[in-house]
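Heads up: the structure comes next, in structure tokens.
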4 protein chains.
Amino acid sequence: MDSSNPASASSGPTARRRTGGRSARVRAQVVEAVGALLLEAGYDGLTVDAVAERAGVHRTTVYRRWRDVGGLLADILDAAADDTWQPPDTGSLEGDLTELNREVYDALAAGHTLTAALIAASFRSAGAADALSRFWENRYERCAAVVDRAAARGEVPAGTAPRALLVSATAPLYHELLLLRSAPDPALPGRAAQAAVAAARAGAFRRTARTPGAAG
Amino acid sequence: MDSSNPASASSGPTARRRTGGRSARVRAQVVEAVGALLLEAGYDGLTVDAVAERAGVHRTTVYRRWRDVGGLLADILDAAADDTWQPPDTGSLEGDLTELNREVYDALAAGHTLTAALIAASFRSAGAADALSRFWENRYERCAAVVDRAAARGEVPAGTAPRALLVSATAPLYHELLLLRSAPDPALPGRAAQAAVAAARAGAFRRTARTPGAAG
Amino acid sequence: MDSSNPASASSGPTARRRTGGRSARVRAQVVEAVGALLLEAGYDGLTVDAVAERAGVHRTTVYRRWRDVGGLLADILDAAADDTWQPPDTGSLEGDLTELNREVYDALAAGHTLTAALIAASFRSAGAADALSRFWENRYERCAAVVDRAAARGEVPAGTAPRALLVSATAPLYHELLLLRSAPDPALPGRAAQAAVAAARAGAFRRTARTPGAAG
Amino acid sequence: MDSSNPASASSGPTARRRTGGRSARVRAQVVEAVGALLLEAGYDGLTVDAVAERAGVHRTTVYRRWRDVGGLLADILDAAADDTWQPPDTGSLEGDLTELNREVYDALAAGHTLTAALIAASFRSAGAADALSRFWENRYERCAAVVDRAAARGEVPAGTAPRALLVSATAPLYHELLLLRSAPDPALPGRAAQAAVAAARAGAFRRTARTPGAAG
DNA sequence: CTTTAAGCGAGACGGTACGTCCGGTCTTATT
DNA sequence: AATAAGACCGGACGTACCGTCTCGCTTAAAG
């Protein structure tokens, strides 16, 4: 799951936004400024004033089009959701999950990070929170393929719920790096992936729930 | 949350701290106000002004003793860390973990919640972040007993790392409820506990690492 | 004291200043408040907060436009300098000087007085000090006419320096009433005027300096 | 607590005051600190906190003994009034007045000056204003000798009021340097002295008033 | 040479004002 | 007539002093 660069891909084909002329240019400048400021100064440095100045646009223009900081974040997140990112395909479930975790790890371990800033933002702005949820759901949907392939290969029981497995694999990373703020451990992505696979093999994520450990 | 101890440890022994009468009362009022405001208005409602007014104390007094909002949070967190909380002891690992998860679930599922506010705060205040880390580490240490007991009962392999197991069990809750903000699912505590137990049984958290799935 | 002109000269011509409606009204209210507060509470009562409240304007607005109390004073002084005041013309030098002195006397003898407040302010604010200097220089220039007329009438030697004479005539008033704070003496304006005239007749203020006592 | 004259002991006979050792040392340190701070930072830099710190004394001690900043100033002024200063005696009135003026000039021309600071203080503190008045009256009384000697020498008419003459001579200095803040002119002390002498010779300061210039 | 209370050190508190930053709204001038 | 720029309101921040209070501890003065 790459959350390292949500801002990169700009406005996809589905969005029927007016793309021509000044409006588009203004939006591009503002989006660029938001991303840059988030990286440099985190969410608290993302003031409308700073965005406007950096984008070379007037304060009131930002208010008019994005209403507030949450709107800005929602915009760049929704833009990022339209990108072309695809989950890895290494041939094994543990390999795929480790690879996914490594992306997360890289995005979070480096202290001041765009991802962390976005998450911080989600705690303060409803708009940002919604956009971030949408973004993440989108990613989980794409990643379901990883689990499906594993099931097809017989690595996990049929009926394994992709999302529960994926959450189980990645959640420890966010927990350690974002919430507990413990020292980054390069082995963490692999270990978390491995534990999730072990649980999955034991049937812990089968949709039919229950009777899991009993099998083991 | 006890509010009797002076100012969360630290400080030299020579400096005559004042613990009697007014100072203690002021602190108690402020701590109470912080908790109440966090619950009512979340982190963004936790302004120094609001705390002072609610505590019936002057603004400058708050600044003098707590410096800023982070200091306030650190104080109540450190106070909370001194409590007498003990992990559950249901007789089985899955039972204990489920019980733990249920506590987390209850603390997080109810929207505006103190826990969520503290986590939000940790993204904005270094002081709060440190205090929260200390608080959590403290809890994980206490919970190690749960794993030790399970190991003694033979539920998990000897050498199972308590912390890794505990993180694996609880992280999905924080992930779903705080980060993904998905709809609360009452089955989640149990499922996450169960998956962690399955992984532990498969040896995924043995300190000697590696060769886990090989057992399966 | 006119309050119609924007913001005491200065500032580039390119910057589109706004002179209409609200801005002008705000300035008028603030200037009025400054004068009233100076009279009522003296310089120490002239806080930005008090000015803002009295003017019915927000604190930050005052800071934005006037920066600090010195800026406020400079504004009202510069406004005052634009007035239409003219020195008296009684027909005799001593009469004119006495009349001038009486104005000063009236302005200073009544305890809490705007003039005294402005002078007090000039000791604490560079901006106010400069503005007050400008104001006084302006007045001395206008008063030069009094001396010129006297010279034309032959009351004082040709070449008498107006400013030195005027200072000599009025300085004792400021000295007694402001610095020494002695009890007001209604005869003082006349006496000081008379002494200055005597000195002038003796040639004490001739620009060619020296050779004064020679006249005696 | 009487703050009118904390230095000069006295007060009730019942309350046994303590004058020796520590108290005296404290006062000396504080007085020194006040003078130094006035010179370095002017009246606005003369905060109780700064005085206490510089004097190596606790804040509350200053409040206890001097009540406020005005009390501090009154104390050092009254101390200064007890000195042994004597007016010059050059042999001529103009010489004496010029010498006096030069002292004033030196005290005022050098920008940040103790004298200016005291005067500034007198505009804000009733205690300081009273003490300064006392100080100046004391000096004018001592200077009366200058005028008496001149009268004895026949330089000025008998009955010339010393104080009016002295004020006339020195006021222009204060006016130019303190109020008008014009550029210091080294010739000013002499010119002002000379003008005052001229007026005095013309009888402008005779106690019986009136009919002055008529004589010329 | 004790006693004893005046005076000091120390910390905290309530309170006023400062000057700044930022969020958001409203209004004026320009195009 | 629309919009960009400027100015405003309002809330909060963190700081500096002010003046007060309540404790103990020192120490100078009286007995």
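Naming convention: chains lettered A, B, ... in sequence-line order (proteins, then strands); numbering from 1 in each chain. Model, not experiment: these values are computed from the prediction.
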With respect to the phosphate group of [N], does any side-chain polar atom (N or O) of [X] fall under 4.0 Å of OP1 or OP2?
X       : N      : answer
D:Arg67 : F:dT20 : yes
A:Arg64 : F:dA4  : yes
D:Arg65 : E:dC8  : yes
C:Thr61 : F:dC9  : yes

Kindly indicate whether the side chain of [X], heavy atoms from C-beta on, has any atom under 4.5 Å from the side chain of [Y].
X       : Y        : answer
A:Thr61 : A:Val30  : no
D:Arg27 : D:Asp75  : yes
B:Tyr43 : A:Phe123 : no

Protein-nucleotide distance ([X], atom [atom1]; [N], atom [atom2]), rounded to Å:
X        : N      : atom1 : atom2 : result
A:Leu46  : E:dC22 : CG    : C1'   : 12 Å
C:Trp66  : E:dT20 : CH2   : C1'   : 18 Å
D:Glu53  : E:dC8  : CD    : P     : 19 Å
B:His58  : E:dG14 : NE2   : C1'   : 6 Å
B:Asp44  : E:dC22 : CG    : P     : 16 Å
C:Tyr63  : F:dC13 : OH    : P     : 17 Å
A:Leu72  : E:dG23 : CG    : P     : 10 Å
C:Arg124 : F:dC17 : CZ    : P     : 12 Å

Of D:Val69 and C:Thr60, the one whose closest nucleotide on DNA chain F sits nearer the 5' end is C:Thr60
Take C:Val26 and B:Val48, find for each the nucleotide of DNA chain F with the closest heavy atom, and name the residue whose nucleotide sits nearer the 5' end. C:Val26
Return the nearest nucleotide to the side chain of A:Asp49; candidates are E:dG23, F:dC8, E:dG14. E:dG23
C:Ser23 side chain: which of E:dA17, F:dG19, F:dC8 is closest? F:dC8
State, to 0.1 Å, how close D:Gly45 and D:Leu37 come at their nearest heavy-atom pair, and which atoms those are. O-CD2, 4.4 Å
Considering only heavy atoms and no angle criterion, is a donor-acceptor pair shorter than 3.5 Å present between the side chain of B:Arg59 and the base of F:dG14? yes
Can you tell me if B:Glu53 has over 12 outside heavy atoms packed within less than 6.0 Å of its CD? no
